[in-house]
Amino acid sequence: MQLKTILNRCHKFKSFVYDQVRFVGEAIEVTVLPRANAKAICSHCSKPAPVYDHLAERRFEFIPIWGYRVFFLYRMRRVDCRDCGVKVERVPWARGKRELTDTYQQFLAHWAEKLSWLEVARSFRTSWEKVFQAVEFVVQWGLEHRDLSEVTALGVDEIAWRHGHNYLTLVYQIDAENTRLLWIGKDRTMKTLLRFFHFFGEQRSLKLQYVCSDMWKPYLKVIKKKAANALNILDRFHIVAKLNKAIDEVRAGEHRQLQKDGYEPVLKNSRWCLLKRKENLTEKQEAKLKDLLQYNLKSVRAYLLKEDFDGFWDYVSAAWAGKFLDRWCTRVMRSKIEPMKKVAKTMRAHKPLILNWFKAKKALSSGVVEGLNNKAKVTTRNSYGFRTYRGAEIALYHALGNLPKPPMAHRFC
Ligand SMILES: [Zn+2]
């Protein structure tokens, strides 16, 4: 059986034929010719047009086979289009000036869902840039073809990027039927989120029923203005994150103070046992926590306040939860632990929005934003070479966008 037979089976064109197949060094080259009597197509308007002239031969890379790189060789024609003038023809296997065929790009992008871009490049003997281009192509197609009509619930989130010097704002759809990343923007200002709503459109924005976010003021302001019919919810994940941040601050400060005053460094290596959920602690961390709880330390008191707050989420009625919140805030204000007091103050100020959580509890599963946030962090962390914003953007859409894929006549992977 010849390679041509296989190609005709899995990658056949209506208006072009495979001609010669030969080895050139370690690569296989396949010459492609236009089928006799088939018209050339104007790339500008997609209509048939008479041939004007031929350009120099171009190479288009296809999926490698058994370790050999495969190239299609073809002399692009220019057409003399009645409407557009002299234009390059359109070919069905690649677009624009791209060196990679569409099929090969989809193939690389498929593997880039499972491996890092560098690993994909090494596995198929291509470059990181080519893998990037391939993923970009698939993402672009997906963004152009996705359906945004059924979005009723949004999650607004932020992640630190490039060693925490910059932020990205991520907007997710968090409907039960479809959770995915919808949009990414630089920074976390009002302008950032306004740009999202501009993209999303007024009609769709007014149909939103729920928007989950954290207490970040610029977000709250924009949500109120642009998603006027939606219930804005401060979700559990962001509140717990705030409490954890406060505990971390208390612990770090106290640890320094103890060392300065020449005490035993009891808080050394205690970070995770104070931040993690109890059920996730390792045996060693559990022992450390047990040990710590015997001391009368600010860090321990802060930790216990956070633990107590867990009870808040078990309420069914928003009214009772509100009473709990008031009592808890009063205790924190008396604790004299500054970072915790700061959190309590913010919570008091946002009490109605926090209590909205109980109104939406049945409609939204609480872990969605947290799950997406974790995945986003892993994506940017693992993404060797994502120093550019464009790289991070494409990788995030690829990993979290749940995007539709260009159709393929044959499944190559
Ligand atoms: Zn044309």
Side-chain angles (χ1 to χ4, degrees), residues 4 6-21 28-63 69-110 126-127 129-149 183 198-201 203 390 393-394 397-398 401 403-412:
K4 229 162 105 173
I6 304 174
L7 279 169
N8 277 322
R9 181 95 167 228
C10 64
H11 200 256
K12 199 176 163 75
F13 309 117
K14 229 166 88 192
S15 308
F16 299 86
V17 292
Y18 296 109
D19 190 36
Q20 280 176 15
V21 180
I28 296 170
E29 292 186 348
V30 182
T31 311
V32 177
L33 297 172
R35 203 181 284 277
N37 304 326
K39 289 237 169 67
I41 305 291
C42 166
S43 59
H44 207 70
C45 66
S46 304
K47 282 185 215 142
V51 173
Y52 177 77
D53 64 357
H54 288 76
L55 300 173
E57 190 173 70
R58 260 177 71 182
R59 283 156 68 91
F60 301 88
E61 192 162 2
F62 193 64
I63 302 171
R69 295 173 78 185
V70 176
F71 294 92
F72 295 161
L73 305 186
Y74 180 70
R75 287 189 67 182
M76 300 287 277
R77 296 168 291 179
R78 287 200 301 173
V79 296
D80 189 5
C81 177
R82 217 175 45 192
D83 298 328
C84 321
V86 175
K87 294 279 167 199
V88 178
E89 72 171 316
R90 186 167 77 201
V91 293
W93 59 84
R95 31 199 106 189
K97 293 197 164 59
R98 285 181 184 258
E99 237 179 290
L100 306 184
T101 57
D102 290 1
T103 306
Y104 188 33
Q105 298 197 90
Q106 281 175 263
F107 178 87
L108 291 173
H110 168 84
T126 182
S127 63
E129 284 74 21
K130 291 262 166 72
V131 177
F132 169 65
Q133 275 173 32
V135 178
E136 190 181 37
F137 161 73
V138 168
V139 164
Q140 203 75 53
W141 194 94
L143 290 175
E144 280 160 22
H145 292 83
R146 65 183 171 168
D147 177 10
L148 296 174
S149 61
W183 190 85
H198 180 74
F199 145 81
F200 198 57
Q203 233 176 352
R390 183 69 178 154
E393 189 185 24
I394 293 298
Y397 276 129
H398 192 48
L403 294 169
K405 293 187 172 116
M408 277 207 268
H410 172 75
R411 277 199 55 187
F412 287 90

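What you see is a predicted model; the values in this text were computed from it and never measured. Atoms within each ligand, like the ligands themselves, are counted from 1 in listed order.
Looking only at protein N/O/S atoms, the ones less than 2.8 Å from the Zn ion (ligand 1) make 4 in total.
The six-membered or imidazole ring of W183 lies away from that of F200, with a centre-to-centre distance of 6.0 Å or more. Two rings, from H54 and Y52, have their centers 6.0 Å or more apart. Taking the centre of each ring, Y18 and F13 come in below the 6.0 Å mark.
At most 12 heavy atoms of other shown residues, nucleotides or ligands fall within 6.0 angstrom of atom CZ in R82. With a 6.0 Å radius and a threshold of 12 heavy atoms from other residues, nucleotides or ligands, H198 has its NE2 atom at or below the threshold.
Counting only distance, with no hydrogens or angles, the side chain of S43 and the backbone of V88 share a donor-acceptor pair below 3.5 Å.
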